[in-house]
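Along the sequence shown, the residues carry numbers beginning at 1. Please read all numbers here as calculations on a predicted model, not as lab measurements.
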Amino acid sequence: MEVFLSVLFVVVIVLVLGWIKQNRGLPPGPGGIPGLSGIKLMASDKIPTRTFRKLRKKYGDIFSIQVGTRLLVVLNGYDVIKDALVKRAEEFSDRPCSLANRMIVKGRGLLASSGEHWKQTRTFSLTALRELGFGKKSLETKVMEEVDVFLDVIGHQNGKAFDISPLAHSSVSNIICSIVFGQRFNHDDKDFKWLLSRIDVQGASPTSIVSTFPLLRFLPGDLFGINRFLKNFEHLRDYFQTLVELHKKVFDPNASQDLIDAFIKEQSKHDKDNPAFRYDNLDFIILHLFLAGTETTSTTIRWAIIYLLRNPDVQARMFKEIESVVGSSRAPIIADRPSLHYCDAVITEVLRIANIVPLSVPHGALKDIYFRGYRIPKNATILPNLDSILSDPDLFPNPEVFDPTRFLDKKGKFCGAEKVVAFSLGRRVCLGEALARMEMYLFLTSLVQRYEILPEDPDNLPSQEGIFGITYGPYPYKFRAVARVCSPPSINMAAFESLDLTVVLVVFTVLVLSVKWLRRQKNLPPGPRGLPLFGSIGLMKTGKPTEIFRKLRRKYGDVFSIKLGSLTVVVINGYDNLKEAFVKRADDFSDRPGTYVIVELSKEKGLLASSGELWKQNRTFVLKTLREFGFGKKSLESKVREEVDVLVNYVMEINGQPFDLSKIVHVSVANVICSIVFGDRFDHSDQKFLQLVSLLDEAATINKPTGLISCFPALRHLPGDMFKIKRFKKLFGEFLEYFAKQVQNHRDTLHQNETRDFIDAFLHEQNKCGSDTQVFTDDNLVITLLHLFAAGTETVATAIRYSVLFLLHNPDKQEKMFEEINTVVGQSRPVTGADRSKLPYCEAALTEVLRCANIVPLSVQHGAKRDIPFKGFVIPENAMIIANLDSVLGDPKVFPKPETFDPTRFLDEDGTVLNDNQMIAFSIGRRVCLGESLAKLEIFLFVTSLVQKFDLRLEHSGVYPSLEGRLGLTSSPLPYRFRAVTRN
């Protein structure tokens, strides 16, 4: 007995000494009996974050807890978590090597893999999801399809109380199903209901008994729900394997429909032993996407409704904003989001206060990590405590209060959300954050627009306490959704007095015009007939003109016509047809149409609006003068360089904080053309200049090639200004007034032997010609100045903004540009125009931006001054002719996979830039953009300088700004913000 006790004593001493050695240098934490005290502590409160708040106060931002055999290291605070997950991502991006991970998931899929396996899995998933619509209009369409079903089901409740949970789950799940499986399900589909019933997130929190003691599943019974959790897990995996087998049987490598197809196609490119591209990894990719893509978003929607029930004033303000911006005739869309500042703030505040994944997904130490003076030992589980950020009173005052205004600035603009890290931080930030935010926005704004959300019992509101699992979800609750009543428009009965004669005249006029419309001209290119008086204006309201024209081209061919009001529009498609019309038959196709903007406002003068001999003389003078002032010379580069330096210094001062590039880049680019035209640049604080640039952006948004200004100019005579035609005229007048003052100032200070700028050159020529000239008149000068200013500012500024946008979406392309710049130029001097030939990848990337962005997709409209026979048709006199550049730049026969951003398509095998004649972003023929060489120089110097000095990063990791644009005079990106972090 004594021997046994002696041996036992020695064993205990050895174990204790080993435990002490193992824990040397660990972050501090609660003591007590090793392992057991931690279990008791974690069981003391069903909400672990409350326990962690207490421990943080006692032990600091980094502490540890021994829970059973697992060591938990908890990281707290924005700076600490950012330091670990962002700055030291290589060490902190792995998953814990827990018994559950080894035995059940086996380190597979998106969420459980580590190292190279995870990198390959994530790269494939991200690429495939983008090709399937992430960040594109097509994905919004899928979401809106589910939103419509969601709203209809709610409507069938007829205002009665109901539980939103199953509807939210099925609606959100259907979106991820359409991406992963290539199909959506009816909400009453038995298989779909079964699938949703298998989702069990309550038994697998990062601190649950399943994670700590997975071996408990071998005990009789199922006291802790471990076996149920594992059984559901296997059921889901079996179901996904069945779907994969079905896909394999019908797989067509030329028609990938969903993520499973994309995986099968990608698998053929890799070694059979590559674990990232085995089917067991695909099973877990699907499982993780399905779970993450369903649970997080549906849970957030349920929390959002609770906070709207508890804060009816917030709901009322949301509705007021939606009503003001969107109205009630259509549903909110993503393009409305930049204008719905308060709605964005509400959703962000829900994400912050609900904090549905408060401990993120656990990270792991695959080796000893030394961090902030502590040792995090190999095999430790690392918990980034997001609650320590989202509930931090230093970052969010009164964090327990639901207050969306904390994300609005003094002007009511959305701001300050960069530290709302609800989707985690670093490399392992949620892959679907962009989709999740889109879903939350569309579901919630549509719900508030259509229904007033009311509690089941006003005296018993749903609890703000939740249930802690993988996500932190609300307890079940019911609410009522009462349809909002839209007031019908009032009718002024007095208007019906003496109506008889008016009605007769209107009916007679309509009949005459209808008969005229029905007598379709012979040999007119084919196209949709449309309606009398209105033509196909309704068709043009169904989507972007480029998308509509693609459909019409497939149906009617390369040359088709469309009636817009009284205007006949002929659209020419395809490179060969465009070249034949605008190059080979330039005399027939180089005039401008007789539209309101051309005739009434521009008086058929200036560089862009004139036709015939006047245009030829205009162009000759402008081209000759611009060359004298540096076009194609080194002296012009110095002017551009000056503005580039101002922009770079401005970005440097922002110091890596999120910002919108739009304003500064517009002002910088405008200054380049101003230095040529006016002989001087403007200070960026000059209020009149800033206003002028702002008005230009507004005017470019209003004036669309197929808009109402061109088709129904008579609408300007109606009361009010619903279609902004009067506003556009006012803007046009303000520009002319400003430029007229500039001309007068130049005339007052003109010296006979000195030519300071373009205006001086024009005035000298005017004095030589006297009054006997159509070209050298004040009207022609002022309108030419407007055209140079608008074309020289809007297109280049938009191209630079798109360049940054595409580099944010393609960080690997940005890195390749930087590597090339760093190799050729280095950091000791700026990039110059002479470097262009030595930076082929940068040149190719910027060419690809111009192709993908397609900034002026329909070119500037042309016109038929007489009947023009073309390709077996007759283009009638006074028709508008559109050169559809999109039909070339977006043509898969010309540019394979045109929706993919791929700079290498403009490089040959030796890495030399290819000169592709079909790259016609600046139009084609005689009326090709006069400033193409300057524009390309500006884009090159501005963008390469930004990439040389800054790492361009997303405002929120994983949240990609939309690539969809708004079409006005140019196709420009929606407002977005990003971070420019100074390179070391």
Side-chain angles (χ1 to χ4, degrees), residues 525 545-546 549-550 553 557-561 569-593 598 607-612 615-616 618-620 622-623 626 631-632 705-706 787 790-792 794-796 798-799 846-865 868-871 873 875 879-895 898 905-906 913-937 939 967 969-971:
T546 48
F549 288 171
R550 287 178 189 179
R553 183 189 185 189
D558 282 343
V559 183
F560 61 81
S561 65
V569 178
V570 174
V571 184
I572 300 177
N573 302 271
Y575 180 76
D576 291 339
N577 294 318
L578 292 173
K579 185 176 179 181
E580 181 174 344
F582 300 105
V583 178
K584 296 178 181 178
R585 296 183 58 184
D587 284 338
D588 292 326
F589 285 90
S590 291
D591 293 315
R592 291 296 184 219
I598 297 292
L607 190 61
L608 296 182
S610 55
S611 297
W615 167 71
K616 291 177 183 177
N618 261 334
R619 183 179 174 90
T620 299
V622 171
L623 192 57
L626 291 178
F631 263 47
T706 56
H787 293 164
E794 187 63 27
T795 51
V796 176
T798 301
L846 296 176
T847 304
E848 179 70 339
V849 168
L850 290 171
R851 187 197 67 79
C852 284
N854 197 2
I855 294 163
V856 191
L858 305 180
S859 188
V860 180
Q861 306 101 305
H862 293 238
K865 295 297 184 184
I868 303 174
F870 184 70
K871 295 284 181 178
F873 305 111
I875 300 174
M880 177 193 287
I881 302 169
I882 289 180
N884 186 10
L885 307 186
D886 175 74
S887 68
V888 180
L889 302 181
D891 188 343
K893 294 178 181 177
V894 179
F895 300 105
R905 71 172 83 244
F906 294 109
V913 177
L914 294 168
N915 184 18
D916 194 329
N917 292 330
Q918 297 183 88
M919 181 56 213
I920 54 173
F922 291 90
S923 198
I924 188 172
R926 287 184 187 172
R927 300 205 73 145
V928 69
C929 175
L930 198 68
E932 179 176 353
S933 62
L934 172 60
K936 287 183 174 180
L937 175 65
I939 295 164
L967 184 62
L969 191 60
T970 61
S971 175

Problem set entry | Student check: side-chain heavy atoms of His862 and Ile882 closer than 4.5 Å | no
Exercise. Do Lys871 and Asn577 come close enough that some side-chain heavy atom pair is under 4.5 Å?
Worked result: yes
Exercise. Of all heavy-atom pairs between Phe582 and Ile924, which one has the smallest distance, and what is that distance?
Worked result: CB-O, 3.8 Å
For this session: Look up atom CG in Asn573 and atom CZ in Phe549, then write down how far apart they are to the nearest 0.5 Å.
Result: 8.5 Å
Exercise. Do you know the tightest heavy-atom contact between Leu608 and His787?
Worked result: N-ND1, 3.0 Å
Exercise. Should Arg553 and Asp891 count as side-chain neighbours, where that means a heavy-atom distance under 4.5 Å?
Worked result: yes
Problem set entry | Heavy-atom pair with the smallest gap, counting every atom of Ser971 and Pro857 | CB-CD, 4.1 Å
Seminar exercise, completed: What one should report as the nearest heavy-atom pair of Ala883 and Ser859 is O-CB, 3.7 Å
Problem set entry | Phe873 and Val570, any side-chain heavy atoms less than 4.5 Å apart | no
For this session: Give a yes or no on this: more than 12 heavy atoms of other residues, nucleotides or ligands lie within 6.0 Å of atom NZ of Lys865.
Result: yes
Exercise. Any side-chain heavy atom of Arg619 within less than 4.5 Å of one from Arg926?
Worked result: no
For this session: Start with the C-alpha distance between Gln861 and Ile598, add both sets of side-chain angles, then the distance that settles side chain to side chain contact (heavy atoms under 4.5 Å, CB included), and finish with yes or no.
Result: CA-CA 10 Å; Gln861 306 101 305; Ile598 297 292; over 6 Å; no
Exercise. Is any side-chain heavy atom of Arg592 less than 4.5 Å from a side-chain heavy atom of Trp615?
Worked result: no
Problem set entry | 4.5 Å side-chain heavy-atom contact, Ile572 and Asp558 | no
Problem set entry | Donor-acceptor contact present, side-chain Thr970 to main-chain Thr795, <3.5 Å | no
Seminar exercise, completed: For Asp591 and Ser611, the nearest pair of non-hydrogen atoms, with its separation, is OD1-CB, 3.2 Å
Exercise. With a 4.5 Å limit on heavy-atom distance, are the side chains of Asp588 and Ile875 in contact?
Worked result: no
For this session: Look up atom CD1 in Ile939 and atom CG in Leu937, then write down how far apart they are to the nearest 0.5 Å.
Result: 9.5 Å
Exercise. Going through the distances and angles, do Leu889 and Met919 end up as a side chain to side chain contact (heavy atoms under 4.5 Å, CB included)?
Worked result: CA-CA 7 Å; Leu889 302 181; Met919 181 56 213; 3.9 Å; yes
Exercise. Is it the case that Arg851 places NZ or CZ above or below the six-membered ring of Phe895, under 6.0 angstrom from the centre and within 45 degrees of the axis?
Worked result: yes
